[in-house]
Peer 1: 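The following block contains the structure, expressed as structure tokens.
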Amino acid sequence: MFFILLPTPLLDSAFDSVTISSIAILLLLSLLSLTFIFHLQIKSRRSHYLQHFNSLWTVRFLLVSFITFWVLNEHLRFPFFRRRYLYPFSSSLTLSQQANLCKIQLVLSLGFFEPGFLVTLLFLVDVSIKKKTPHGCYAAFFVLTSCLPILLLQIFLVFFSQMEIHLPEIFLRNSSISKDTNGNEMVVCAYPLLSTIVFGAFSAVYLLFFLLSFWKVESIVINKALRMRIRALAFTVMATVPLQVLFMGLSVLWRPEKTAFSGAALIVFLTTFVCAAVGEGILVIRPIADSLAAGGECCAWSSDMASQSPRPPVAVEDGCVAQL
């Protein structure tokens, strides 16, 4: 891979810069999404036209929450962040305790936060074509129930499999010890092949359901702009999720302290980052912006109806606006 052709310090600096920038962008996008969600929630209390648009606010809030916790959890994986910001607090931790921190990060990331936002994303796509919007509590229960099997399986594989299963190291290795430029030992987190296989199986089933849901929405939506959004979302999900699983699997070819592993781990992070950012933009920010615009137009039309010529009606389906 081309990662090996450049000097290691230069690559590490480039990886760190890309990672920090991506994390900052996603956190700002999540903050913007939350602002839109709560703004619509406040506006809907005073506007009859916006009450139907706001029916999925809890699901969108759940999506943004999963993405935010995922990106915050990813901080623990990156050595530069732990070295610069956590080392004053973690210097008293033993190597074994740092390895357990990697295990917790892995379970939360591949067992809960990422499956959670993927399932929530699928739920938002699927429910957009239903006539009756399910209650927010049902949505939360559905998402948490869907994530429970993979969460329990990841917990077993990461924390207990070494005592029960005898396999080559790459199947079970979730961390490795490396030294920084000052000679300090630090634990570097890795992706065990068993956890990758489990997440890959989850991804395969998920992509099948997502493709079926996409076909249903594609066959119903007639508005060109909405169709382009759905296609963009489908392309992003269908491209980034398999790429993430692929590079997670390839990362076991190198030890975690190697530069090539850092490059593969960066690609894994960036694929999830792109999927999360596109999901927030298409399923949270843009629908709410359209809903607020449609609500403002309807209110203006109602107040000026006596003095203005009739305007074309607006059709809204769970925050997705189409001019008729």
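What you see is a predicted model, and the numbers here were worked out from it, not measured in a lab. Throughout, numbering of the chain's residues begins at 1 and tracks the sequence. Atom set for the values below is all heavy atoms of this structure, side chains included, hydrogens, waters and symmetry mates excluded.
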Peer 1: With a 4.5 Å heavy-atom cut-off, do F214 and V125 have their side chains touching?
Peer 2: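 The answer is no; the side chains never approach within 4.5 Å.
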Peer 1: Could you go through I67 and F113, starting from their C-alpha distance and side-chain angles, then the distance that decides it, and tell me whether this counts as side-chain contact (heavy atoms from CB on, under 4.5 Å)?
Peer 2: CA-CA 7 Å; I67 292 174; F113 293 142; over 6 Å; no
Peer 1: Quick one: closest heavy-atom pair of V284 and S33, and the distance?
Peer 2: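 Heavy-atom minimum between the residues: CG1-CB, 3.7 Å.
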Peer 1: Is there a side-chain contact between N73 and I104 (heavy atoms, below 4.5 Å)?
Peer 2: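 Not touching, per the 4.5 Å side-chain cut-off.
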Peer 1: If you count the non-hydrogen atoms of other residues, nucleotides and ligands that lie under 6.0 Å from CZ in F235, is the total more than 12?
Peer 2: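 Incorrect, the count does not exceed 12.
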Peer 1: For a side-chain contact (heavy atoms from CB on, under 4.5 Å) check, start with the C-alpha distance between V187 and S176, then their side-chain angles and the critical distance, and finish with the verdict.
Peer 2: CA-CA 6 Å; V187 174; S176 179; over 6 Å; no
Peer 1: Could you tell me whether the side chain of E74 reaches within less than 4.5 Å of the side chain of I23, counting heavy atoms only?
Peer 2: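 In short, these two side chains do not touch, never coming nearer than 4.5 Å.
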Peer 1: Taking the side chain from T145 and the backbone from F142, do they hold a donor-acceptor pair closer than 3.5 Å?
Peer 2: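 A pair under 3.5 Å: no.
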Peer 1: Side-chain donor-acceptor pair under 3.5 Å between E114 and S109, yes or no?
Peer 2: no
Peer 1: Are V237 and L207 packed together at the side-chain level, in the sense that at least one heavy-atom pair is separated by less than 4.5 angstrom?
Peer 2: yes
Peer 1: Quick check: is V274 connected to V18 through a chain of hydrophobic side chains (ILVMFWY, heavy atoms under 4.5 Å apart)?
Peer 2: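 Hydrophobic grouping puts V18 with V274.
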Peer 1: Out of curiosity, I25 CD1 to S21 OG, how far, rounded to the nearest 0.5 Å?
Peer 2: 6.0 Å
Peer 1: Contact between V143 and F117 at the side-chain level, heavy atoms closer than 4.5 Å - yes or no?
Peer 2: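 Contact flag for V143/F117 side chains = no.
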Peer 1: Is R77 positioned over the aromatic face of F269, cation under 6.0 angstrom from the ring centre and no more than 45 degrees off axis?
Peer 2: no
Peer 1: If you take all heavy atoms of S30 and V64, which pair is closest and at what distance?
Peer 2: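 Scanning both residues, the minimum pair turns out to be O-CG1, 3.6 Å.
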Peer 1: Quick one: does L226's side chain get under 4.5 Å of I230's, heavy atoms only?
Peer 2: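 Sidechains of I230 and L226: no contact.
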Peer 1: So, applying side-chain contact (heavy atoms from CB on, under 4.5 Å) with F202, which one of I150, V241, L110 is it?
Peer 2: I150
Peer 1: Determine whether the aromatic ring centres of W215 and F210 lie less than 6.0 Å apart.
Peer 2: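 So the answer is no for these two rings.
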Peer 1: F209: what forms a ring pair (Phe, Tyr, Trp, His ring centres under 6.0 Å) with it, not counting sequence neighbours?
Peer 2: none
Peer 1: In the structure I gave you, are the side-chain heavy atoms of T120 and R60 within less than 4.5 Å of one another anywhere?
Peer 2: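 T120 vs R60: side chains apart.
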Peer 1: Does the pair K216 and D126 meet the rule for a side-chain contact (heavy atoms from CB on, under 4.5 Å), with working shown?
Peer 2: CA-CA 8 Å; K216 288 191 296 183; D126 189 62; 3.2 Å; yes
Peer 1: Ion pair present between R255 and E169, side-chain N to carboxylate O less than 4.0 angstrom?
Peer 2: yes
Peer 1: Closest approach of A139 and V59, non-hydrogen atoms and distance?
Peer 2: CB-CG2, 3.5 Å
Peer 1: Could you walk me through whether S195 and N174 pass the side-chain contact (heavy atoms from CB on, under 4.5 Å) check?
Peer 2: CA-CA 9 Å; S195 294; N174 49 59; over 6 Å; no
Peer 1: Answer whether the closest heavy-atom distance between the side chains of C275 and L118 falls below 4.5 Å.
Peer 2: yes
Peer 1: Kindly compute the distance separating CG (L122) from OH (Y206), expressed to the nearest 0.5 Å.
Peer 2: 5.0 Å
